[in-house]
Amino acid sequence: MSEYSDKELITLFREGGNQNYAYNLIVRKYQERLYWHIRKIVVDHDDTDDILQNTLVKAWQGLEKFREDSQLYTWLYRIATNESLMFLRKKRTRFLLPIVDVEHQLSNSLESDSYYSGDEIQLKLQKALLSLPEKQRLVFNMKYYDEMKYDDMAEILDTSVGALKASYHHAVKKIEKYLQES
Amino acid sequence: MENEELHKIAPKLSQIEKKNSYEVPQGYFDTFPRRLQERLHPEKELSFAERLVIYIKPHFALAAMMVGVFVIAFFAINLFTSDNINHIETVNTGMADVLEYELNEVDEISLMEMLAAEEEAEVVTDEEDAYVEEAIEYLLNEGVSIETLMQELEI
């Protein structure tokens, strides 16, 4: 099956009687990319599954009013990012104590995660990533792993390209430092 | 940031293979769209009354079946017991009525005469039998053959 473009999918969605079909095509096209984006933020598979579902439910609810002044995929990424960050904030407030570092907890749980297969150096890199501030970690993942354009990242994170470049640079330096010291 | 530039500012990081070490359960992406659809379009939630009907339906059916069995059993027992008893009682009552009627219609003297006549008839029959035996004996003594005798008597 040839893959529909985002524009074609939106047009199909808006045609009468094709909503479910078009939505399913959108889900199948983006589920993996969104999953890995969320997974790198929240680490745990079950949490990722919940957030991915919430993301796509919100997309279903908002697709009717979706304005095509942004791309479909950046819109979906934006929802997924917001849902993931909201999840981490909720997790932080659940602990009540500000000294409890959720990222530190995620880093420890990574070693016992049955759905993680990285070797020692990969694990070290993930721990270095989890030591970064939330926004720098986000920017690093999107640039380094997803190889996303700064323009698209700016649209998703609602930040300027310059600020994103700076964040990425800081993130790389911190990771390098972590790797050298550990 | 190009790889060359990354190598300059982060030599250790640039040596690490860029790969995704996270995994998902087998078939996760195949089943995800269906699970999502189930969440988006859950089955219609039933009202309290509908749920109550679904819950009591089997119990109600069982109770109805028991009632049916008892009704059938009741009629069956009635059919094979009380009706027969009534029938037998009716027959018995009929015979009693006939006897009572006969006793009322026939007086005692007539009854005695009837019994005496019956006894007399029995005596006559005995006398006839004795006469026939005597006659057979006499004829045999007189030389009449048994075959002839049997033909005459049509035995």
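Note that these values count all heavy atoms, side chains included, but never hydrogens, waters or copies made by symmetry. Chain A is the first sequence line, chain B the second, and so forth, proteins listed ahead of strands; every chain is numbered from 1.
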A.B. asks: Can B/Tyr22 and A/Asp113 be counted as having a side-chain donor-acceptor contact under 3.5 angstrom?
C.D. replies: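 A/Asp113 and B/Tyr22 do not have a side-chain donor-acceptor pair below 3.5 Å.
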A.B. asks: Which members of residues 54-67 of chain A, sorted by number, sit under 4.5 angstrom from chain B on a heavy-atom basis?
C.D. replies: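 Within residues 54-67 of chain A, near chain B: A/Asn54, A/Leu56, A/Val57, A/Trp60.
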A.B. asks: Using modelled atom types and a 3.5 Å cut-off, is there a donor and acceptor pairing between side-chain atoms of A/Gln53 and backbone atoms of B/Arg35?
C.D. replies: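 Absent.
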A.B. asks: About how many Å separate CD of A/Gln180 and CG of B/Leu13, when rounded to the nearest 0.5 Å?
C.D. replies: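 One finds 10.5 Å between CG of B/Leu13 and CD of A/Gln180.
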A.B. asks: Can you find a heavy atom in the side chain of A/Gln126 that is under 4.5 Å from one in the side chain of B/Ser21?
C.D. replies: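 No, side chains not in contact.
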A.B. asks: Please lay out, stage by stage, how A/Gln31 and B/Phe29 fare under the test side-chain contact (heavy atoms from CB on, under 4.5 Å).
C.D. replies: CA-CA 7 Å; A/Gln31 60 173 353; B/Phe29 291 117; 3.8 Å; yes
A.B. asks: Linking Ile, Leu, Val, Met, Phe, Trp and Tyr by side-chain heavy atoms under 4.5 Å, what else ends up with B/Phe70?
C.D. replies: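 In the cluster with B/Phe70 are B/Met66.
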A.B. asks: Hey, does the side chain of B/Lys18 reach the backbone of A/Tyr145 with a donor-acceptor pair shorter than 3.5 angstrom?
C.D. replies: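 Such a contact is absent between B/Lys18 side chain and A/Tyr145 backbone.
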A.B. asks: What's the spacing between B/Glu17 CD and A/Ile121 CD1 if we round to 0.5 Å?
C.D. replies: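 One gets 11.5 Å once the value is rounded to the nearest 0.5 Å.
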A.B. asks: Does A/Glu15 CD have over 12 foreign heavy atoms under 6.0 Å away?
C.D. replies: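 Yes, enclosed.
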A.B. asks: Between B/Glu23 and A/Ser114, is there a side-chain heavy-atom distance shorter than 4.5 Å?
C.D. replies: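 Side-chain contact under 4.5 Å: no.
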A.B. asks: Please evaluate residues A/His169 and B/Ile9 with respect to the criterion side-chain contact (heavy atoms from CB on, under 4.5 Å), reporting the C-alpha separation (whole Å), side-chain torsions for both, the decisive distance (0.1 Å), and the verdict.
C.D. replies: CA-CA 9 Å; A/His169 184 79; B/Ile9 62 164; 3.9 Å; yes
A.B. asks: Would you tell me whether B/Gln37 and A/Tyr23 have side-chain atoms, one donor and one acceptor, within less than 3.5 Å of each other?
C.D. replies: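 Not at all, the side chains of B/Gln37 and A/Tyr23 share no donor-acceptor pair under 3.5 Å.
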A.B. asks: Please tell me whether A/Met148 and A/Ile79 are part of a single hydrophobic cluster in this structure, the criterion being side-chain heavy atoms less than 4.5 Å apart.
C.D. replies: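 Yes, because A/Met148 and A/Ile79 connect within a single hydrophobic cluster, where side-chain heavy atoms sit under 4.5 Å apart.
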A.B. asks: Suppose clustering is done on Ile, Leu, Val, Met, Phe, Trp and Tyr with side-chain heavy atoms closer than 4.5 Å. Which residues sit in the same group as B/Met65?
C.D. replies: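 For the cluster that includes B/Met65, the remaining residues are B/Leu62.
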A.B. asks: Which answer fits B/Leu36, side chain, backbone, both or neither, if we ask what part of it has an atom under 4.5 Å from a heavy atom of chain A?
C.D. replies: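 Side chain only.
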A.B. asks: Can you tell if the side chain of A/Leu179 reaches within under 4.5 Å of the side chain of B/Ile16, non-hydrogen atoms only?
C.D. replies: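 In contact.
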A.B. asks: Applying a criterion of heavy atom separation less than 4.5 Å, what residues of residues 32-45 of chain A form contacts with chain B?
C.D. replies: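 So the qualifying residues are A/Glu32, A/Tyr35, A/Trp36, A/Arg39, A/Lys40, A/Val43, A/His45.
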A.B. asks: Please determine, among A/Ile175, A/Asn24, A/Asp119, the option with the most heavy-atom pairs under 4.5 Å with chain B.
C.D. replies: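 Looking at each option in turn, the highest pair count goes to A/Asn24.
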A.B. asks: Taking side chain as everything from C-beta outward and backbone as N, CA, C, O, which of these in A/Leu52 sits under 4.5 Å from a heavy atom of chain B? Side chain, backbone, both or neither.
C.D. replies: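 It is both, since atoms from each part get that close.
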A.B. asks: Considering non-hydrogen atoms only, spot the tightest contact between B/Leu6 and A/Tyr144 and give its length.
C.D. replies: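 Nearest pair, atom of B/Leu6 first, then A/Tyr144: CD2-CE1, 4.0 Å.
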